[in-house]
Amino acid sequence: MAFRVALTFDAEHPDRPHPADPALVLEELAGHDVAATFFLQGRWVESEPRLARRIRDAGHLIGSHSHYHARMPLFDDAGFEADVRAAESVIRRTLDVDPHPWFRLPFGAGGTRADLVDRLAALGY
């Protein structure tokens, strides 16, 4: 029997330190010849473009994790779209990668709300 496991990692701006260093995660994945999905925050890509390119160049799937890592249910429609589009723009411009259709809501906040899922779907996620 074959199993498929999805490994996903959030990369966040340095003002939100995370115990999993993306550079170390990349080395470990490479050592095991394993591909993963990285959900990149737009501000993180801006602050860590070389590391973001290493993720891309290693062949990992890249999705969006918003731009500001805010709780998305708190945004009005315009703010929601602005945040999603800002992250998408940075990812495209810096990495030449389209993060569609992959989006991870920060904190998982709103993941079961149909209105937010519909907003993301309208933006191509």
Side-chain angles (χ1 to χ4, degrees):
M1 177 181 342
F3 290 95
R4 215 176 251 204
V5 177
L7 299 174
T8 66
F9 299 94
D10 296 343
E12 297 183 18
H13 192 269
D15 68 0
R16 295 182 49 83
H18 195 277
D21 178 350
L24 296 176
V25 170
L26 280 174
E27 290 173 22
E28 191 67 25
L29 292 171
H32 294 282
D33 195 29
V34 172
T37 301
F38 284 78
F39 289 90
L40 304 181
Q41 182 192 63
R43 288 186 336 135
W44 182 85
V45 173
E46 289 174 329
S47 69
E48 299 287 341
R50 280 182 267 174
L51 186 50
R53 287 185 194 101
R54 280 185 56 199
I55 292 169
R56 176 204 60 202
D57 294 347
H60 299 290
L61 183 65
I62 294 174
S64 177
H65 193 46
S66 81
H67 191 73
Y68 289 107
H69 201 268
R71 295 184 189 284
M72 302 302 278
L74 299 178
F75 284 118
D76 63 14
D77 288 349
F80 186 96
E81 182 172 352
D83 187 82
V84 172
R85 295 279 190 217
E88 179 182 323
S89 176
V90 169
I91 292 169
R92 285 178 183 268
R93 183 175 64 249
T94 306
L95 304 179
D96 196 29
V97 169
D98 181 358
H100 289 95
W102 312 108
F103 191 93
R104 175 179 272 175
L105 289 160
F107 311 102
T112 59
R113 286 187 38 186
D115 62 322
L116 296 185
V117 173
D118 289 346
R119 283 188 205 173
L120 285 170
L123 296 171
Y125 293 94

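None of the values given here were measured: they were computed from a predicted structure. Both backbone and side-chain heavy atoms feed into the values below; hydrogens, waters and symmetry mates do not.
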When you compare the side chain of [Y] with that of [X], does any pair of heavy atoms fall below 4.5 Å?
| X | Y | answer |
| --- | --- | --- |
| D77 | R119 | yes |
| H67 | E46 | yes |
| F80 | D115 | no |

* Run through T94, L95, L51 and flag the one making a side-chain contact (heavy atoms from CB on, under 4.5 Å) with L40. =>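 Running side-chain contact (heavy atoms from CB on, under 4.5 Å) over T94, L95, L51 with L40 returns exactly one hit, L95.
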Work out which heavy atom in [X] is nearest to a heavy atom in [Y]; give both atom names and the distance.
| X | Y | answer |
| --- | --- | --- |
| G111 | V117 | O-CG2, 3.8 Å |
| H60 | V34 | CE1-O, 3.4 Å |
| W44 | A52 | CZ3-CB, 3.6 Å |
| R104 | H65 | O-ND1, 2.9 Å |
| S66 | D83 | CB-OD2, 3.0 Å |
| S64 | P99 | N-CB, 3.8 Å |

* **Co-membership, hydrophobic cluster, residues V90 and V84, 4.5 Å side-chain** =>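 In one cluster: no.
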* Can you hop from M72 to Y68 via hydrophobic side chains spaced under 4.5 Å? ->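 Unlinked, M72 and Y68 end up in two clusters.
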* Can R85 and E88 be counted as an ion pair, charged N to O under 4.0 angstrom? ->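 Judged by the 4.0 Å cut-off on N to carboxylate O distance, R85 and E88 do form a salt bridge.
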* **Under the salt bridge (Lys or Arg N to Asp or Glu O under 4.0 Å) test, residues paired with R93 that sit two or more places apart** =>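 If we apply the salt bridge (Lys or Arg N to Asp or Glu O under 4.0 Å) test to R93, skipping adjacent residues, there are no hits.
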* Using salt bridge (Lys or Arg N to Asp or Glu O under 4.0 Å) as the criterion, list what pairs up with R53, not counting sequence neighbours. =>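 Partners of R53 under the salt bridge (Lys or Arg N to Asp or Glu O under 4.0 Å) test: none.
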* With sequence neighbours left out, write down each residue that passes ring-ring contact (aromatic ring centres under 6.0 Å, His included) with Y125, or none if nothing qualifies. =>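 With sequence neighbours excluded, Y125 shows a ring-ring contact (aromatic ring centres under 6.0 Å, His included) to H100, F103, given in chain and number order.
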* Asked: Quick one: CD1 on I55 to CG on L61, what's the gap to the nearest 0.5 Å?
  ->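 Answer rounded to 0.5 Å: 11.5 Å.
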* When rounded to the nearest 0.5 angstrom, what distance separates CD1 in I91 from CG in D96? ->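 The CG atom of D96 is 12.5 Å from CD1 of I91, to the nearest 0.5 Å.
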* Does CG in D57 sit with more than 12 non-hydrogen atoms of other residues, nucleotides or ligands closer than 6.0 Å? ->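 Enclosed.
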